[in-house]
There are 2 protein chains.
Amino acid sequence: MFFLKELPTRQMLETYSERYPGMNAEAVAEALRLLRRGSLLMRELDAYFTGHTLSQTRFLVMIVIDRELERKSLLASEIADRLDISRPVVTETVKALSQAGLLSSIPDPEDGRAKRITLTPNGQAVLASLLPGYFAIIADFMARPADRTG
Amino acid sequence: MFFLKELPTRQMLETYSERYPGMNAEAVAEALRLLRRGSLLMRELDAYFTGHTLSQTRFLVMIVIDRELERKSLLASEIADRLDISRPVVTETVKALSQAGLLSSIPDPEDGRAKRITLTPNGQAVLASLLPGYFAIIADFMARPADRTG
DNA sequence: TTCATATAGTTAGCATCCTAATCATAGGAG
DNA sequence: CTCCTATGATTAGGATGCTAACTATATGAA
């Protein structure tokens, strides 16, 4: 998260730019807007999931399983790959979601080390119930002018 | 952080769009690109600061003090406001930076509750030494095409 | 002056993420 | 078959963020 509220003014960046000749003031300004805007959207989504006893990561874990077309299950390592998060986080997230009855994991019959993780019917229902609100937050956020996003 | 690696294809979003009529597929696609790109840049910056015994937040705390034009010091609450982070985080960050000799905080003579936090000369030097690399990472990142950012 | 309320900062406790180390199974070279 | 290495998953420990509750000081109304 990057929440610098008042981004540097153009003039401040020019000043830095004189001190640090290699720097590209326009690229920096654009990057800071990107970071700020992304963080604000993330904060809104986090609040949404927290309000539903979930988290961004737990939601995304369910999403990547749900969106598999030819398979019903993923291995923990596959989830970690698709989400670009560390494996311990997957372990912990799957444990929590399983306890909540949203996922189930069964030993892989073809690989004694692996577990196949699937959405339970309840998990599918919860995911389906969350998506409209998720899309609504995004649509609302993207419709706001960038400088009014915060 | 939001690290969904393979963003949904246009077709998948269309499919969701049929299931969830309120959703704006284009806005969602753009939002996901924003989140992914922002997260990747943040990850690169985090790695940079970690490699210099710092963190994004510690760096930003120094930045907002440094960029005050008319004042040399800020209160913890002012830092929290400018960075949009919680006060306990400021407390902890200032403590760590003070122990590292980069900040100093003295009791405010006009308000017995407050502390005035300033950059030490060493803090200014460290900040100055970090900025070129910081700007270089940003410039490099922004120069890469968006679909090759990861 | 006195008390209620607001504000500055800290502490405590929780959530979430990471890396490094560990355990168990797979799979291939010999 | 046996051993070495690779891979799936977990555990342990640390960093960083948050909210809620607390302490101390300030401020203003009665």
Side-chain angles (χ1 to χ4, degrees), chain A residues 1-4 35 39-40 42-61 73-100 103-117, chain B residues 1-4 35 39-40 42-61 73-100 103-117:
Chain A
M1 305 290 214
F2 175 92
F3 285 128
L4 188 61
L35 290 174
S39 294
L40 287 170
M42 202 123 58
R43 179 181 273 184
E44 292 191 21
L45 293 174
D46 274 341
Y48 176 67
F49 292 122
T50 298
H52 289 80
T53 338
L54 271 181
S55 72
Q56 180 99 229
T57 298
R58 291 180 188 184
F59 172 78
L60 288 174
V61 165
S73 71
L74 288 178
L75 305 185
S77 49
E78 292 173 322
I79 294 173
D81 272 359
R82 283 163 174 67
L83 294 185
D84 214 0
I85 58 179
S86 70
R87 287 180 186 199
V89 171
V90 176
T91 295
E92 144 63 25
T93 304
V94 168
K95 198 196 325 179
L97 287 174
S98 297
Q99 277 166 5
L103 293 183
S104 76
S105 77
I106 58 170
D108 187 322
E110 294 171 12
D111 186 333
R113 300 165 299 180
K115 291 179 172 179
R116 296 191 176 178
I117 298 156
Chain B
M1 304 292 210
F2 173 93
F3 283 128
L4 189 61
L35 290 173
S39 294
L40 287 169
M42 203 122 60
R43 181 180 273 187
E44 290 191 23
L45 294 174
D46 274 340
Y48 177 68
F49 292 123
T50 299
H52 290 80
T53 338
L54 272 182
S55 72
Q56 180 99 230
T57 298
R58 292 182 187 182
F59 172 77
L60 288 174
V61 165
S73 71
L74 288 177
L75 305 185
S77 48
E78 293 173 322
I79 294 173
D81 272 358
R82 282 163 175 68
L83 294 186
D84 213 0
I85 57 178
S86 70
R87 288 180 186 198
V89 170
V90 176
T91 295
E92 144 62 27
T93 304
V94 168
K95 198 197 324 179
L97 287 174
S98 297
Q99 277 166 6
L103 293 184
S104 77
S105 77
I106 58 169
D108 187 322
E110 293 172 12
D111 186 334
R113 300 166 298 180
K115 291 178 172 180
R116 296 190 176 180
I117 298 156

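Quick caveat: nothing in here was measured; it's all calculated off a predicted structure. Below, chain A is the first sequence line, B the second, and so on; all start at residue 1.
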DNA chain C nearest-nucleotide lookup for B:Ile117 and A:Arg58: closer to the 5′ end is B:Ile117
### Query
Do B:Ile79 and B:Leu60 have side-chain heavy atoms sitting under 4.5 Å apart?
no
note: A:Leu74, atom CG; D:dA9, atom P; distance rounded to Å ~ 10 Å
*Report yes if some heavy atom in the side chain of A:Asp84 is under 4.5 Å from a heavy atom in the side chain of B:Arg43; otherwise report no.*
yes
What one should report as the nearest heavy-atom pair of A:Arg58 and A:Thr93 is CG-CG2, 3.5 Å
>> So, does A:Ser77 get its side chain near the phosphate of D:dA9, meaning an N or O under 4.0 Å from OP1 or OP2?
In response: yes
Are A:Arg116 and A:Leu75 close enough that some pair of their side-chain heavy atoms sits under 4.5 Å apart?
-> yes
- [ ] Scan A:Arg116 against the nucleic acid and name what it touches under 4.0 Å (heavy atoms): base, sugar-phosphate only, or nothing.
- [x] nothing
Between B:Ala76 and B:Ile117 the two heavy atoms that sit nearest each other are N-CD1, 3.7 Å
Atom CD of A:Glu110 and atom P of D:dT7 are separated, to the nearest Å, by 18 Å
Counted 5' to 3', the first and last nucleotides of DNA chain C within 4.0 Å (strictly under) of a heavy-atom of chain B are C:dA6 to C:dT11
4.5 Å side-chain heavy-atom contact, B:Val61 and B:Val90: no
Whole-Å distance, A:Gln56 CD to D:dG17 P, equals 17 Å
**Item:** Non-hydrogen side-chain atoms of A:Leu74 and A:Arg82 separated by less than 4.5 Å
**Value:** yes
Atom CG of B:Leu83 and atom C1' of D:dG17 are separated, to the nearest Å, by 13 Å
A:Arg113 CZ to D:dG8 C1', in whole Å, measures 5 Å
Polar-atom pairs under 3.5 Å, protein N or O versus N or O of nucleotides 18-21 of chain D: list them with distances, or write none.
from, atom 1, to, atom 2, distance (Å)
D:dC18, OP2, B:Ser86, N, 3.1
D:dC18, OP2, B:Ser86, OG, 2.6

NA contact type, A:Asp111, heavy-atom cut-off 4.0 Å: base, sugar-phosphate, or nothing?
-> sugar-phosphate
Item to complete: Indicate yes or no: at least one non-hydrogen side-chain atom of A:Leu35 is less than 4.5 angstrom from one of B:Leu45.
Response: yes
A:Asp81 meets the salt bridge (charged side-chain N to carboxylate O under 4.0 Å, His left out) criterion, sequence neighbours left out, with none
